[in-house]
**Student:** 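Quick one: the structure is below, questions incoming.
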Amino acid sequence: MANPAGPATVDRRSDTTLPYLASLNPEQREAVLHTGNDGGRSLLILAGAGSGKTRVITTKIAYLIRERGLDPRSILAVTFTNRAAREMADRARQIDERAEDAMLRTFHSFGAWFLRRNGSLGGLSSNFVIYDDDDTVSLLSSIMEDIPRAEVKQAAYAIARAKDFFLSPEDPELDRIDHRKKFRKIYARYEERLAQIGNVDFGDLIKKPVEILRSQPEVARRFRERFRVIMVDEYQDSNIAQFELLKELCGPDTYVCVVGDDDQSIYRFRGAEVRNILEFPDRFPGTDIVRLERNYRSTAPILQVASSVVDHNEGRLGKTLRSERGGGKTPTLVFLPDQDEEAEFCAELIEKTVRGGRKGQAAGKDVRDKRAAAKPSRALEQPKAVYSDWAILYRTNAQSRGFETEFLRRRIPYRVVGSLKFYEREEIKDALALLSFLVNSRDEVAFRRVVNKPIRGVGAATVDKVIEAAGFGLADMAADDGIEAGPSPGDIAAAARRIMPDLPAKARGGLAAFLAAIDAGAEALEADPARNGAREEEDAGPIPDRKRVAKPTPKTKTKPRDGLRAGEGLSVCVVTLINEAELDDYHRSHDEITGKQRIENLQELVNSATDYPATREGLLEFLEHIELDRSLETAGEGQGNSDDVVTLITLHNTKGLEFRRVIITGIEQGIFPRDDKKGDDLEEERRLFYVGATRAMDELYLCSCAMRLMFGRIMPSEPSIFLREVDKSSLRILGKAPYGFNSGNARSASGGSDEGSVADSVVEFGRYPGGASRSSGRAGRAFAGHAPAKKVTSSDGRWQIGDRIFHDDHGYGAVIEIREPPAQLPPESDEDGPVVRVRFDTGKELRFLSSHQSSRFTKIGDD
DNA sequence: TAATCGATCTTTTTT
DNA sequence: AGATCGATTA
């Protein structure tokens, strides 16, 4: 096929006759229709937030297939998140079914796909497992013996960065990452060990394909022949290694189209290189540039606030984002005393719009019609306020907790996006280690993790013996690559069998039991259909992907009473393995509550395996999926399966999303931005603010607290410098601004006599008059909609307003307020109950659960 | 050899 | 507050 993308640059006919192009604006259309003419011309789309970028990409894919007759299989579109990849695939398919056959993947999943097929050329067998950061640290700590964990982690981080920058242990440039000779050595050793084990880390998924493409011209040729069009989304987040990969995939005829926004580059910390996008036209000569500067998402006042912060950055391409929507509600900046009130404020704000609005129109109806209202036709009816309009954004995952607590208490449905704790749980990692070892018996990390769990009498001494027998000292087995059949050097299982007779009885028995479990797991797998020779062909088409793998949601509603229940497919193998290894017993035995929880988690993992075939190949896919897509959403409890939920999400995770109403929380110095950020890092935080703010369609709220619980201590908190960078006139300010905030520069303004009162570390409410003087929540009432019922006596009879108390840390105080949780649903066996607010004689105010019992907190006088 | 208790940090952000 | 580390102990 000669240049499939050429020859004409613009298809005039398209303007009028192609309906799916009709609704594009001129710039968007230009971006879609641009195909480059004399081979290899490239396109850089600078797409501001909310400018219809995804639409352009998906339409372009469809256009290339439909109007330019391109084989869908020759299109490669790369994104950075699985979510984006999925969305892109969905939307492209909506325009044209054939887009299904285009390859839309994340960079990393593309890398994995590549390596499964061509890894052997780089000494990698096709059954590698992908190590996550934890595994990497484990491996590294076996190399760096007797070195504090923090340092090991540091080294792991440095190695990951090195790979992001496409630097090998020998590379002179490595000094940029870490100049110590020791580091070079550690890195080299790590690479050696990883090769021996036959697994890869995240960085390898990019770096290794580049190396193979460079050393194997034949492979490179094949790939360049296959992919005629390559698109990269969120190009500003690409790193050097990814740039190299892109370059290697490009032949003289390849049409490259990258899309991005330098103002949304927020992944520098993991090696993203903004210069990739800034210098793209230099690296790909003959690049045309299209700017998408019309924002269809946000109102003008929201964009105004977002831009005013990022405008303080230097070294940006600069663009003017215009709102196509025009005016709207002025964004609100709220000053709050502490993070508890922040959570309360958010909750009340949301309740006011959702429940309040509902009450007005349909008194008797409840949750059920909320669900009905959530999904269908928001556009048709009057925009009804729903929970899913709302998103709460924060800088660190840890911040989600306060909101979760508050929302649970008030029965506000929510989901937490991100926070990958599920796969970090001990029992899950253990099970995965068993599976990994089954797939690759050279996996020392997995072996060490589970061989003696539960205790089988296989101690450290035995483990070392086995590992040694597995063939250390056989240097450079990477060289004679991994294609050999039979027991390969490094095979730990084989080594264990070999030396078993020489071991003491206890160790021998334990080891045998472990190996028997692995064997049982292997037997639960069916033989793979022959897959020899097919490999080369497969490059010509995407592997038959497991469609839309279900997230680990139990299929069977029945809770596992005792044993794990296998469903279909691969889950049989997983259960067998766990049972035979007695991993379930081990975790069950911990203690009643956590044991039960752990078994449930294991059951979830088992359930998620049902969608995979019970073959080695299926197992590999399962593991790969888990490593590459850990996005899980944890729903707020008791919310059923409703889609109508508030979203709790980190700022980083919001990229590509939009919500009608957004609250950015914790906009305080030290948190956002972190106080050690300066220079380029500070600029990145500004961009993060920009990303967050531009998620909002209709309403934007910014929260800043005067105090915050950090490391278990209450610390004073200052408003973020970003808040000072916003023009005050474009904000509505609620709550009491800290002294000096309204003058341009707080530092100089507060240099006067007022300073004395805040000299010590404890900040009294006095500094924020909205706090101390507001008695029972003036600030609250000012903007808080309906507060929970307030009472004189708590419903559990424990407290009355005026009760005197003593607290070990805070001294004497009195109850000044009692709040009952809103009684929406019948009070279940919730441990939460009334909340009492206590003002201590020091002037400090704190709140406690009524049920809170502790020797540190006692009622006096009364009783 | 392993469990347990105190002391000592810790907190980014994610494929 | 919570995790993690290490030293002490059973």
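So that the names make sense, note that chain A is the first sequence line, chain B the second, and so on, each numbered from 1.
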**Student:** OP1 or OP2 of B/dT14 versus the side-chain N and O atoms of A/Asn397: is any pair under 4.0 Å?
**Tutor:** yes
**Student:** What integer distance in Å separates A/Phe269:CZ from B/dT11:C1'?
**Tutor:** 13 Å
**Student:** How is A/Arg401 classified with respect to the nucleic acid when contacts are heavy atoms under 4.0 Å: base, sugar-phosphate, or nothing?
**Tutor:** sugar-phosphate
**Student:** Rounded off to whole Å, could you give me the CZ-to-P distance for the A/Arg713 and C/dA1 pair?
**Tutor:** 7 Å
**Student:** Is the distance from OP1 or OP2 of B/dT13 to the nearest side-chain N or O of A/Asn653 less than 4.0 Å?
**Tutor:** no
**Student:** Are A/Arg395 and A/Glu685 ion-paired here, with the side-chain N under 4.0 Å from a carboxylate O?
**Tutor:** yes
**Student:** When the distance from CZ of A/Arg395 to P of B/dT11 is rounded to whole Å, what number comes out?
**Tutor:** 14 Å
**Student:** Would you kindly give the CD-to-C1' distance between A/Gln669 and B/dT12, to the nearest whole Å?
**Tutor:** 15 Å
**Student:** Just one of A/Asp134, A/Asp443, A/Asp135, A/Asp430 clears the side chain to side chain donor-acceptor pair (under 3.5 Å) bar with A/Arg449, so which one?
**Tutor:** A/Asp430
**Student:** Rounded to whole Å, how long is the line connecting atom NZ of A/Lys655 with atom P of B/dT15?
**Tutor:** 11 Å
**Student:** Under 4.0 angstrom, heavy atoms only, what part of the nucleic acid is A/Phe80 near: base, sugar-phosphate, or nothing?
**Tutor:** sugar-phosphate
**Student:** Whole angstrom is fine here: how far is it from CD in A/Glu684 over to C1' in B/dT14?
**Tutor:** 12 Å
**Student:** Pick the nucleotide of DNA chain B nearest each of A/Ile455 and A/Thr650; which residue has the one closer to the 5' end?
**Tutor:** A/Ile455
**Student:** Please check the phosphate of B/dT12 (OP1 and OP2 only) for any side-chain N or O of A/Arg270 closer than 4.0 Å.
**Tutor:** no
**Student:** Does CZ in A/Arg83 sit with more than 12 non-hydrogen atoms of other residues, nucleotides or ligands closer than 6.0 Å?
**Tutor:** yes
**Student:** Whole angstrom is fine here: how far is it from CD in A/Glu683 over to P in B/dT13?
**Tutor:** 22 Å
**Student:** Side chain of A/Thr106: nearest nucleotide among B/dT15, B/dT12, B/dT14?
**Tutor:** B/dT15
**Student:** Pick the nucleotide of DNA chain B nearest each of A/Phe107 and A/Arg674; which residue has the one closer to the 5' end?
**Tutor:** A/Arg674
**Student:** How is A/Asp133 classified with respect to the nucleic acid when contacts are heavy atoms under 4.0 Å: base, sugar-phosphate, or nothing?
**Tutor:** base
**Student:** Does a side-chain N-to-carboxylate-O contact under 4.0 Å join A/Glu621 and A/Arg116?
**Tutor:** no
**Student:** What are the two closest heavy atoms between A/Leu651 and A/Gly692, and how far apart are they?
**Tutor:** CD2-CA, 3.8 Å
**Student:** Figure out the CG/P separation between A/Leu682 and B/dT12, and round it to whole Å.
**Tutor:** 17 Å
